[in-house]
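Every chain is numbered from 1 and lettered A, B, ... according to where its sequence line falls, protein lines coming before strand lines.
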Number of protein chains: 2
Amino acid sequence: MGRPRQAILSPEKIYRAALDLVDEFGDFTLPGLAKRLSVSPSSIYHHVQGRPEIINGIRSVIGADALASGDFFTAGADWRDRAAAWARSYRRALGQHAKCIPLLVGEAVTDHATLEIYEHLAALFVEQGFSANDVVVAVTVLDNFMLGSALDVAAPESAWLADAEAQPALHAAFADASLAGPRSDLSFEVGVAAIIAHLGTLVA
Amino acid sequence: MGRPRQAILSPEKIYRAALDLVDEFGDFTLPGLAKRLSVSPSSIYHHVQGRPEIINGIRSVIGADALASGDFFTAGADWRDRAAAWARSYRRALGQHAKCIPLLVGEAVTDHATLEIYEHLAALFVEQGFSANDVVVAVTVLDNFMLGSALDVAAPESAWLADAEAQPALHAAFADASLAGPRSDLSFEVGVAAIIAHLGTLVA
DNA sequence: ACCTGAACACCGTTCAAGT
DNA sequence: ACCTGAACACCGTTCAAGT
């Protein structure tokens, strides 16, 4: 066929198609991606280096969409509310692509969009007069909890397949619980409230 | 060669060898696993169903070792100390095999050892008089933070490759911080203290 | 029951060939 | 510059054949 007059592919198109595949099937393959893009597998290599770069691209697309939503710009409000909103927004963004998270964890963050998201959080603490040490710890604590909670979104409500005989306390708790909403969401709010209340003691 | 008088393999041996490979290289392949066990790839299928079962086996080995360490039996102490010890112990167990975590997340927990570990935590809250709802939330919150923090152990200290120009607050905080220990460990303790203090308000 | 070697479909990546 | 088809090494899994 040869070169088309107008390029069919772009890194962005490749990343978005890969994101779609992961959302749908929990993973992607280069041949599957090529098929989705109506292209030959080898064509993809004219735009990205390889599979790892595509995975990184998925992260950046999620981050860019989250930034574009404007959720991270809740200026004016109390810093506690803004920190909580940050965690809530990024967890929602990741949770919308919960099947991607296992693919993303364990890879270093280098894309601009994701770093920008964390810059928002760090700036918030700096503004509040946190020391460098406290900013690092505050960002880490909130990020760790946010990420652990986002991972939990992917897990089915019955991911805890406890046995009534072998794990009586665990089984009974889940069997008898009557939560007023999704377990993961409610727990997230409890944890965020706990963490932010504690961070407040650093600033006082 | 045919069947040996004494079986060379067992599920346990396969799981442990796979764990070793992941610790060393961050992943494992069936051919690589077979080589490590001085066996043919097809031999492995006489003992386990396939790769997913091996991944589940890795989790159960980590859980069994953690249970065997006795860290989860800190009876007598205050429930707050025991809950903190639980999170600390399991994070340490997972952190010792940090490269495994990306492989484990996103898979439902079904192995006995891991469920036993969560049973310890649930029983602790039940003992304390938590309602079923509160047990579920307390277990979820502590688990989510513990897992997020364990993932952070795998990340290099410089996983946040912030740019001085583009992300000034984030960059400056990490550049100027002088923490009295590993960022991940210190942050974990701060978060656990925050969460447990908050859980204490449920029981009061 | 348990190990082997051959075989299959599939995957990620490379590269020469085309426009 | 950008797409294609052929090719390569490799992977997970199956299966008939051996003891």
Side-chain angles (χ1 to χ4, degrees), chain A residues 1-61 99-100 102-108, chain B residues 1-61 99-100 102-108:
Chain A
M1 186 204 268
R3 174 187 177 201
R5 341 163 107 263
Q6 170 77 22
I8 310 176
L9 296 179
S10 71
E12 167 99 17
K13 277 180 189 161
I14 292 169
Y15 303 154
R16 296 229 171 247
L19 175 56
D20 287 347
L21 286 175
V22 178
D23 279 342
E24 200 166 342
F25 305 110
D27 204 357
F28 77 96
T29 67
L30 269 290
L33 187 53
K35 190 166 220 174
R36 168 74 58 124
L37 292 161
S38 305
V39 112
S40 144
S42 49
S43 303
I44 294 172
Y45 288 83
H46 289 273
H47 301 268
V48 300
Q49 296 242 3
R51 193 181 148 88
E53 189 174 311
I54 297 175
I55 291 174
N56 202 54
I58 290 176
R59 195 207 308 274
S60 76
V61 164
K99 287 180 180 171
C100 293
L103 228 54
L104 302 179
V105 299
E107 309 265 333
Chain B
M1 186 204 267
R3 174 187 178 202
R5 339 161 111 260
Q6 170 78 22
I8 310 176
L9 296 178
S10 72
E12 167 100 16
K13 278 179 188 161
I14 292 168
Y15 302 154
R16 297 226 171 248
L19 174 58
D20 287 348
L21 286 176
V22 178
D23 279 342
E24 200 166 341
F25 305 109
D27 203 356
F28 76 97
T29 66
L30 268 290
L33 187 53
K35 192 166 218 174
R36 168 73 59 123
L37 292 161
S38 304
V39 110
S40 144
S42 48
S43 303
I44 293 171
Y45 287 84
H46 290 273
H47 300 269
V48 300
Q49 296 240 1
R51 192 180 149 88
E53 189 174 311
I54 298 175
I55 291 173
N56 202 55
I58 290 176
R59 194 207 308 274
S60 77
V61 163
K99 288 181 181 171
C100 293
L103 228 54
L104 302 179
V105 299
E107 308 265 332

Engineer: Taking only heavy atoms on the protein side, list every residue of residues 18-42 of chain A lying under 4.0 Å from any atom of DNA chain D, sorted numerically.
Structural biologist: A:Val39, A:Ser40, A:Ser42

Engineer: Quick one, B:Phe28 and B:Leu30 - any side-chain contact, counting heavy atoms below 4.5 Å?
Structural biologist: yes

Engineer: Distance check, rounded to the nearest 0.5 Å: A:Thr29 atom OG1 versus A:Arg36 atom CZ?
Structural biologist: 11.0 Å

Engineer: Can you tell me how far CD1 of B:Ile14 sits from NE2 of B:His46, rounded to the nearest 0.5 angstrom?
Structural biologist: 10.5 Å

Engineer: If I take atom OH in residue B:Tyr45 and atom C1' in nucleotide C:dG5, what distance separates them, rounded to the nearest angstrom?
Structural biologist: 15 Å

Engineer: Roughly how far apart are B:Tyr45 OH and B:Leu9 CG, rounded to 0.5 Å?
Structural biologist: 13.0 Å

Engineer: What heavy-atom pair brings A:Pro102 and A:Val105 nearest, and what distance separates the two atoms?
Structural biologist: O-CG2, 3.6 Å

Engineer: I need the CD-P distance between A:Glu53 and C:dT13, as an integer number of Å.
Structural biologist: 11 Å

Engineer: For DNA chain D, what is the dot-bracket line, given that a base pair needs Watson-Crick (N1 to N3, plus N6-O4 or O6-N4) or G-U wobble (N1-O2 and O6-N3) geometry with both distances under 3.5 Å, and | means paired with another strand?
Structural biologist: ||.|||||...|||||.||

Engineer: Between A:Ile44 (CD1) and C:dC15 (P), how many Å, whole number?
Structural biologist: 18 Å

Engineer: CG/A:Leu103 to CD1/A:Ile58 distance, rounded to the nearest 0.5 angstrom?
Structural biologist: 6.0 Å

Engineer: To the nearest Å, how far apart are A:Arg51 CZ and C:dG12 C1'?
Structural biologist: 9 Å

Engineer: Looking at every heavy atom in both B:Ile55 and B:Leu104, which two are closest together, and how far apart are they?
Structural biologist: O-CD2, 3.6 Å

Engineer: Rounded to the nearest angstrom, tell me the gap between atom CD1 in B:Ile55 and atom C1' in D:dG12.
Structural biologist: 12 Å

Engineer: Between A:Arg59 and A:Glu107, is there a donor-acceptor pair closer than 3.5 Å when you use the side chain of the first and the backbone of the second?
Structural biologist: yes

Engineer: To the nearest 0.5 angstrom, please state how far the CG atom of A:Leu33 sits from the CG atom of A:Asp20.
Structural biologist: 10.0 Å

Engineer: Relative to the 5' end of DNA chain D, which residue comes earlier, A:His47 or B:Gly50, by the nucleotide with the nearest heavy atom?
Structural biologist: A:His47

Engineer: Out of D:dT13, D:dC3, C:dC3, which has the shortest distance to the side chain of B:Ser43?
Structural biologist: C:dC3

Engineer: Between CD1 of B:Ile44 and CZ of B:Arg51, what distance do you get to the nearest 0.5 Å?
Structural biologist: 11.5 Å

Engineer: Report yes or no: does B:Lys13 contribute a side-chain atom to a donor-acceptor pair with the main-chain N or O of B:Ile8 at less than 3.5 Å?
Structural biologist: yes

Engineer: So which protein N/O to nucleotides 17-19 of chain D N/O distances come out below 3.5 Å?
Structural biologist:
from	atom 1	to	atom 2	distance (Å)
D:dG18	N2	B:Arg3	N	2.8

Engineer: Can you check the B:Gln49 CD to D:dG12 C1' distance for me, whole Å?
Structural biologist: 14 Å

Engineer: Just how far, in rounded Å, is P of D:dA1 from CD of A:Gln6?
Structural biologist: 16 Å

